[in-house]
Trainee: 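I'd like to ask some things about the structure below.
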Amino acid sequence: MSKNHFLRSIAENDIKNGKHDYVYTRFPPEPNGYLHLGHAKSICLNFGLANDLNGKCNLRFDDTNPEKEDEEYAESIRQSVEWLGFKWSKLCYASDYYDQLHGFAVELIEKGLAYVDDLNAEQMREYRGTLTEAGKNSPSRARPISENLDLFERMRKGEFDEGQYTLRAKIDMTSPNMTLRDPIIYRIRYAHHYRAGDKWCIYPMYDFTHCISDALEGITHSFCTLEFQDNRALYDWVLSNITIDENLNGEKGKLMPRQIEFGRSNLEFTIASKRKLIQLVKDGHVSGWDDPRLTTLVGLKRRGYTPKSIRDFCAEIGVTKKDSVIEMTVLENAIRHDLEASAKRVFGVLKPLRVVITNYPEGQSETFTVKNHPKDDEMGTREIPFGREIYIDHDDFMLDPPKKFFRLGPGREVRLRYGYAITCNDVIHDDKGDVIELRCTYDPLTAKGQTSDGRRIKGIIHWVSATHALDAEVRVYDRLYTEPNPSAADDFITLLNADSLRVFADAKLEPSLAQGKQEDRYQFERVGYFCFDEKDNSTNKIVMNRTVSLRDTWAKVKR
Ligand code: ATP
Ligand code: MG
């Protein structure tokens, strides 16, 4: 169940008062890019409300801009909606309504409510007036109906150039609401449409298409974002001036849909604009639309976000009448919360440092039986092998550690998680002076957490057996931008975070990961949550992505 919000109250009341028998919503993306987190909010709202109230929800492609749209985008959008866990009642395309839309345009002309205009774009702007100044009627406004019908038909047949004529609704050039100043409802475009092909050279405008599509599909509540507030009057104008006796569901005399606006949500440190995303992809700043640093739904999926975490995030941010900016931590906590409960615990060492345990017999090994989840016994146990040579993380060793460094240093003792305590006796350097190996001894009496003499060992570090470890490439992601609101900058490219991707090419993982399945999620203890990369992971090479750190490290930096 999603949380209560004002749109839900409106819908519930409409059912209670008998205005509608059931709720029918739609999610109406334009197939001109990949879906992002903002769209997820709209998906969860529309599909979620329909699910909660036993209603219906369509996935409808608002595809009336032939130049920008593509089947690649449409396919990805369908997949993302399904991935989020929603099923549409009907899969619809505004482009399937081109015949009907054309018929309604003719109806408006016949009623004297639309006319063919020959003003060019610049003239139209002049005639339109401003917010403080009324517009002027175009000379074409007086064109007789028969001539309008003839010209509109010739527009359809392709007798004119692009921009030579437009079809405009005849409403009110003096309206304080600029969208009612005779808006264009059809324009000429000689462009191939990814579904309609070359059948049309006139295309309907969004404002004309959207309301009619809603009405044809029997939508009851048409939710859209705040920037469409002024368009609502036009939405209602079109629907009250055309005749729909029966909708596509065979319902007769059904009430017209109602448009209601809600606020957009944008996430800090991200960009949602499709135009800017395309630039990032085309110029190679990211690896593609599914780069795990992007908050596209395909990017989040590849990063390891679960559908549940995104639905939880959307429930958490809620639906209000105001636009909002959401802190990254809200998204990260949603996935942390999900993975904390569901991810298997394992050991992964990103920056391996070889440790030889000199008093452990050569050729010998043993295994420790370890729970897969500290709080969930049903997740079972696994064996982790231990031997004379292990890897620990470079970051868990310091040559000259400060007092508070409770990890390994020369002469210091540390506990290997689930294993023995080891003491560092010797440090091996290479020619350049870099530390390449540690010589340690282990205390056989320290298995299972105890010590023989009651001494306390403060530090506990993770490790993997060198002879059993799996090689892997591990990718660690960070925010793509250095500023919370990169969209505001003139050149957002200069705000890219140079450290947004770190690749650990020589990572060592515990052997149980060889049995991992693509969809499995892991917590590398002390390191973060990880998943297999869906593109680059293979049987020959393990490639894993860090989904999220265990804690919010940026919170510390900021405060
Ligand atoms: P973009 O600006 O990325 O191109 P858009 O709104 O133009 O986004 P559409 O395909 O038209 O993209 O969006 C489909 C639906 O998703 C619309 O109903 C729109 O209102 C909604 N939507 C898009 N972005 C957001 C957002 N940030 N928050 C809430 N809803 C959004
Ligand atoms: Mg849009």
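Given the structure is predicted, the values throughout are model-derived calculations rather than measurements. Counting starts at 1 for both ligands and their atoms, following the listed order. Note: hydrogens, waters and symmetry copies are ignored here, and every other heavy atom, side chains too, is used.
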Trainee: Determine, using ring centers only, whether Tyr34 and Tyr73 are less than 6.0 Å apart.
Mentor: yes

Trainee: Is it true that the NZ or CZ of Lys276 lies under 6.0 Å from the centre of Phe492's six-membered ring and within 45 degrees of the ring axis?
Mentor: yes

Trainee: Can you tell which of Lys41, Glu30, Lys274, His210 gets a heavy atom nearest to atom 4 (O) of ligand 1?
Mentor: Lys274

Trainee: Looking at ligand 1, does any of its N/O atoms fall within less than 3.5 Å of an N/O of His36?
Mentor: yes

Trainee: Below 4.5 Å, heavy atoms only, C-beta onward: do Val298 and Ser76 meet side chain to side chain?
Mentor: yes

Trainee: Mind checking whether Pro29 contacts ligand 1 via backbone (N, CA, C, O), side chain (CB onward), both or neither, at a 4.0 Å heavy-atom cut-off?
Mentor: both

Trainee: Do Thr482 side-chain atoms and Leu495 backbone N/O form a donor-acceptor pair below 3.5 Å?
Mentor: yes

Trainee: Between Tyr186 and Phe152, is the ring centre distance below 6.0 Å?
Mentor: yes

Trainee: I need the atoms of ligand 1 closer than 4.0 Å to a non-hydrogen atom of Ala272, numbered in the order shown.
Mentor: 3 (O)

Trainee: For ligand 1, is Phe228 a contact, meaning one of its heavy atoms is under 4.0 Å away?
Mentor: no

Trainee: Show the atoms of ligand 1 that are less than 4.0 angstrom away from any heavy atom in Phe27.
Mentor: 14 (C), 15 (C), 16 (O)

Trainee: Name the residue from Arg302, Arg303, Lys301 that meets the salt bridge (charged side-chain N to carboxylate O under 4.0 Å, His left out) definition with Asp290.
Mentor: Arg302

Trainee: Show the atoms of ligand 1 that are less than 4.0 angstrom away from any heavy atom in Asn266.
Mentor: 27 (N)

Trainee: Do any nitrogen or oxygen atoms of Ser265 lie less than 3.5 angstrom from nitrogen or oxygen atoms of ligand 1?
Mentor: yes

